[in-house]
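Comments concern the structure below.
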Amino acid sequence: MNFDKNFDFAKKEENWYNNWQENGIFKTEMNPDKTPYSILMPPPNVTGMLHFGHVLNHTLQDLFIRRMRMQGKDVVWFPGMDHAGIATQTKVEQKLKEEGKTRYDLGRDEFIERVWDWKDEYGGIILEQLKRLGVSCDWDKTLFTMDESASKAVEHSFIKLYDEGLIYKGKRIINWSPVSQTALSDEEVEFKEVHEKLYTLRYYFEDGDNYLKVATVRPETIFGDIAVAVNPNDKRYKKLIGQKVSVPIVGRKIEIIADNYADPEFGTGCVKITPAHDPNDFEIGQRHNLESINTINPDGSMNELAGDYKDLDRFEARKRIVKDLENNELMEIVEDYTHNVGFSQRGGEPIEPYLSDQWFVKMKPLAEDALKIVQDGEINFYPNHWVKTYEHWMNNIRDWCISRQLWWGHRIPVYYTEDGKHTAAKNETEARQKLGIDENVSLKQDEDVLDTWFSSWLWPMTTMNWFDDEGNITPDNETLQRFLPSDLLVTGPDIIFFWVARMVMATNYFKQEIPFKNVYFTSLIRDGQGRKLSKSLGNSPDPLNVMDKYGADAVRFTILYLAPLGQDVRMEVDLEAQDIPSMEVGRNFANKVWNAGRFLKMKQEEFGKVEYDNSTYSKTLADKWIESKLHKSINAINDHLDNFKVTEYSKTLYDFIWSDFCDWYIECLKIESYDNTEEENQQKVAFGIGIFNEVLKLLHPVMPFITEELWHLLNNHSDDISISQEQLLQSTESLINEKVVEDFNKIINLSETSRSLKSNLNGISPTQKLPINIKTNEANATLFESNVSIITSVTGSLNVGINEPFNETIISVTSITNFAEVNLYVGDAIDIEQEKDRLQKEIDRLEGQVKGISKKLSNERFVDNAPEDVVSREKKKLSDMSTKIDQLKESLNSFK
RNA sequence: GGGCGAUUAGCUCAGUUGGUUUAGAGCAUCUGCCUUACAAGCAGAGGGUCGGGAGUUCGAGUCUCUCAUCGCCCACCA
């Protein structure tokens, strides 16, 4: 037999993936006779590397896509890649730095060319890594967010929003990254608690004797001070309003103004107002018509207005100023102070609130519909509690800063005349038309590019050919018509605002559609200490190493098995070994499946391969039982996946295959084959393989490789077809036979009872075969007689008597089940006192329970209020237990 | 400050609308097995006052309130 003892995943997984691609197994069909099903794949960053978040994410998506394909749906799953503005530009700039150059040395056009070169050479490694995982998307449809079609979509939507008044340019306080030297959106800033100092400074009045105490954490911004605010109701300062004080060191005179923003309870109740460096101060400045003085350069150093401190980094400047204030007795007090400061989510550098001209999207009008869509249940979130987070964001939405001071990205399609007139347009010609100027007037395009998410929010449309490859709008094309909205989006809750919410807005605004019907928010994967697995923490092994060790199937299975809906997953990691030991769950399971297949193949070769013929073969109890179990499992699987309960789906498969199919069905097949003719055995094995083929299909969506291999080995299929083209078995209610299940459970129960009896006896080896006798009613007796060889084998008995007269001459031990009394004839090798003790304990335990149930039943309120079936169940329990107690007492007495 | 989620065996987690004797599984532990698909396996065993308290109910791991601890998100008063 050409069948290795273990599945050679290292070789086979790669072979099968190549095979699938060569044979176009994942090609989009566009078959109008089938029901459409689509999943919107989140595009990874072009700079990205595979991490366990991707593994979970794409395993889930692939599970649903493969399953739907096997349910006869016309599936659409398109991969893509995000140009990742800042990340990519930073990568290339770092490379240039090694050559001793900056992007300014190259100029814009040449720099962008270099980025494209970089992209061609290093970009998109992650897409190759995803193939290792086995994802079955249509690679021919891969879209890059900088491709012509996607870029035209960006341009089109910008112009439309601009024309309709939803995009505007304004001078605002934005989040500035001094490292990347660009603006960031609010979502890209993370607040962290920091321990700093609170400095109380002296702002002297014009008399030169008295001073106002003003607290600040940023003394370096005094150069931008324009006023001091006090609360109008603060009695201490009421009469000072309108007076002037001088800024320490600087000496400039500023006015004391009244504003409710000043909290009398905090600090001294006086706030210095620096509109260019604080969002709240900016608003106060607007209210009071104050000037804004910017004293910091884009790189975070002080500018010429900071006098002696010019060119110092703002933090260095702070230290010096503090010292100088102290030396000049301008410092009242320095206290420890803990507060929150914004950091760049990407680079981790402190963010500078910075006054500058930027482009914004007006979000309120877009948010109204987007909120309603989710509240009305047009889009379902799994788990549902994320709706609250979504609502909160939508209700408190702020305008989105979309301009970035970068070169890599979609350049803002706005053209300016020299005198400052501007409009958004596809090109200069269109701009001239819109501005009503003639072609001699020179135009300049905006220098900035758009936030990467500005192309991402169009993804549901751009991936479906909203614009074609030549850049023409094709809103009525077949893909969009049939597959928008997508059926499912699988993503992490960390990008609910960045992406999910904005896609709802954009798709609704531009296409009057919802982008997707269901959103599955994945678990977060954490290490043994509960920390998120992340590159920056360096606490994550490379998934590729883990797959090398356990196989992609095992990793896929384990991660679904361990990742419940809405709960984070903790996995112990071994960084040194680049290992996640819990992956053994999947590996062991894969091995189990493999060996079940191996056994069936062995039997097939032993007896000869035939077609299963249900007219000649008569099914045994075990056959009917496994069929019932299979169809029940199919129902359970459907139910779980309809509700996105993937953990339960994988547990159902695991238990069915391991406990039912391997532990019981295969064992029965072995035993039954001893008494069969060869023809019967051929049919029996063909039947068993028939069941196993259905199992493989059910398992294929989560373990695509091993199931493909086994399906081919057992059925001798040629390599150009795939199990993924097969149809999943539908459950047939008539094959679910509860009587059969009940009967078979009795056999299982007999087995467990006698094994347990035996292994708890001193002096008897568990492998020793002994005679047993089963006392039971007539119906059960018939059942057991017709399955006596199975019972003999699974109970490990020498022989099995059914309702034979009790042989009192041989010492026996007894166990009482709900339907039978099992006597194990042990001879005199056992410790009788120990056995008596065991029986007495069992009697005591049961009597305790009988007492409880009797009490319950004598409670009138229980009998009157509880439903009838509950009461009768309790009554039956009571009588069953009493019978058991009697039987146990009887066997106890037999020792006396 | 506001919101969300968690707390069940040594560890990681199940536990469906309250009602099945003894609250389940995997891992780990202990005992015994190389039984001819699988030692990545098989058989058996031990281990839990379901975070604390109160309440509703005939009946609570499950519903309500409260407290505690942990995690996450949002806001950001110098």
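The CZ-P distance, from Arg587(A) to rC38(B), rounds to 16 Å in whole Å. As a whole-Å value, the separation of Phe557(A) CZ from rG26(B) C1' is 11 Å. Look at CE on Met571(A): it is 14 Å from P on rU12(B), rounded to the nearest Å. Nucleotide rU12(B) holds its C1' atom 14 Å from the CD1 atom of Ile580(A), rounded to whole Å. Remark: P of rC38(B) and CZ of Phe589(A) are 18 Å apart, rounded to the nearest angstrom. With rounding to whole Å, Met583(A) atom CE is found 16 Å from rC27(B) atom P. Taking atom CD of residue Glu391(A) and atom P of nucleotide rC4(B), one finds them 11 Å apart after rounding to whole Å. Atom CD1 in Ile496(A) sits roughly 13 Å away from atom C1' in rG3(B) (whole-Å rounding).
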Can you check nucleotides 42-44 of chain B for protein contacts, nitrogen or oxygen pairs under 3.5 Å, and list what you find?
| from | atom 1 | to | atom 2 | distance (Å) |
| --- | --- | --- | --- | --- |
| rC42(B) | OP1 | Lys592(A) | NZ | 2.9 |
| rC42(B) | OP1 | Trp658(A) | NE1 | 2.7 |
| rG44(B) | O2' | Ser759(A) | OG | 2.8 |

With the criterion being N/O to N/O and under 3.5 Å, what pairs connect the protein with nucleotides 69-78 of chain B, and how long is each?
| from | atom 1 | to | atom 2 | distance (Å) |
| --- | --- | --- | --- | --- |
| rC76(B) | OP1 | Arg398(A) | NH1 | 2.9 |
| rC76(B) | OP1 | Arg398(A) | NH2 | 3.4 |
| rC76(B) | N3 | Asn340(A) | ND2 | 2.7 |
| rC76(B) | N4 | Asn340(A) | ND2 | 3.4 |
| rC77(B) | O2 | Asp263(A) | OD2 | 2.8 |
| rC77(B) | N3 | Asp263(A) | OD2 | 3.4 |
| rA78(B) | OP2 | Tyr337(A) | OH | 2.5 |
| rA78(B) | O2' | Ala215(A) | O | 2.6 |
| rA78(B) | N6 | Asp263(A) | O | 2.7 |
| rA78(B) | N6 | Phe266(A) | O | 2.6 |
| rA78(B) | N1 | Asp263(A) | N | 3.1 |

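Comparing the P positions of rG52(B) and rU7(B) gives an interatomic distance of 13 Å, to the nearest angstrom. Taking the P atom of each, rU31(B) and rG19(B) are spaced 39 Å apart, rounded to whole Å. Using C1' as the reference atom, rU17(B) and rC30(B) are 41 Å apart when rounded to the nearest Å. For the P atom pair drawn from rC4(B) and rA40(B), the interatomic distance equals 48 Å after rounding to whole Å. On the C1' atoms, rG61(B) is 11 Å away from rG48(B), given to the nearest whole Å. Annotation: rC74(B) and rU29(B) have their P atoms spaced 42 Å apart (nearest Å). rC76(B) and rU62(B) are spaced 39 Å apart, taking the P atom of each and rounding to whole Å. Comparing rC11(B) with rG1(B), their C1' atoms sit 36 Å apart, to the nearest whole Å.
Of the possible polar contacts, none joining the Lys684(A) side chain to the Glu672(A) backbone as a donor-acceptor pair under 3.5 Å is found. Looking only at distances, no side-chain donor or acceptor of Ser659(A) sits under 3.5 Å from a matching main-chain atom of Phe656(A).
Nucleic acid contact class of Glu606(A) (heavy atoms, under 4.0 Å, all strands): none. Among the heavy atoms of the strands, none lies under 4.0 Å from Leu600(A). Lys670(A) comes within 4.0 angstrom of a base, heavy atoms only.
Remark: rG55(B) base-pairs with rC63(B). Criterion, Watson-Crick or G-U wobble with two distances under 3.5 Å. Shown here, rA14(B) forms no base pair; nothing in the strands shown gives a Watson-Crick or G-U wobble contact with both key distances under 3.5 Å. Across all strands shown, rC4(B) forms a Watson-Crick or G-U wobble pair with rG71(B), both key distances being under 3.5 Å. With a cut-off of 3.5 Å on both pairing distances, rC76(B) has no Watson-Crick or G-U wobble partner at all. Across the strands present, rA9(B) finds no partner; the criterion is a Watson-Crick or G-U wobble pair with both atom distances under 3.5 angstrom. Under the Watson-Crick or G-U wobble criterion, with both distances below 3.5 Å, rC30(B) is paired with rG44(B).
Thr221(A) and Asp225(A) are not linked by any side-chain donor-acceptor pair at a separation below 3.5 angstrom, with hydrogens and angles left out of the test. Looking at His339(A) and Glu196(A), their side chains do bring a donor and an acceptor atom within 3.5 Å of each other. A donor and an acceptor atom, one from each side chain of Asp259(A) and Asn231(A), are nowhere located under 3.5 Å apart. Of the N and O atoms on the side chains of Glu391(A) and Trp386(A), not one donor lies less than 3.5 Å from an acceptor on the other residue. One side chain, Thr338(A) or His195(A), offers a donor N or O that lies under 3.5 Å from an acceptor on the other.
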Sequence-aligned protein contact record of nucleotides 16-25 of chain B, with B where the base is within under 4.0 Å of a protein heavy atom and S where only the sugar-phosphate is: ---BSBB---
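Ring geometry for Phe557(A) versus Tyr654(A): interplanar angle under 30°, hence parallel rather than tilted (30 to 60°).
For the pair Lys213(A) and Tyr203(A), the cation does not sit on the ring face, since its NZ or CZ is not both under 6.0 Å from the ring centre and inside 45° of the axis. Geometric assessment of Lys192(A) against the ring of Phe343(A) yields a positive cation-pi assignment under the 6.0 Å and 45° thresholds.
Checking rC38(B), rG15(B), rA37(B) against the side-chain heavy atoms of Asn591(A) singles out rC38(B) as nearest. Side-chain atoms of Lys5(A) lie closest to rC38(B) of the nucleotides rC38(B), rG15(B), rA37(B).
The line from CG of Leu600(A) to NZ of Lys603(A) is 10.0 Å long, rounded to the nearest 0.5 Å.
Between rA37(B) and Lys603(A), no contact under 4.0 Å exists linking OP1 or OP2 to a side-chain N or O.
A salt bridge links Glu738(A) with Lys632(A): the closest approach of a Lys/Arg side-chain nitrogen to an acidic carboxylate oxygen falls below 4.0 angstrom.
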Trace of the side-chain hydrogen bond (donor to acceptor under 3.5 Å, both in side chains) decision for Lys272(A) with Thr274(A): CA-CA 6 Å; Lys272(A) 70 187 201 64; Thr274(A) 322; 3.0 Å; yes
Step-by-step side chain to side chain contact (heavy atoms under 4.5 Å, CB included) determination, Ser633(A) to Leu653(A): CA-CA 7 Å; Ser633(A) 301; Leu653(A) 274 172; over 6 Å; no
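Residue-to-nucleotide proximity on RNA chain B shows that, of Glu584(A) and Asn595(A), the 5′-proximal contact is made by Glu584(A).
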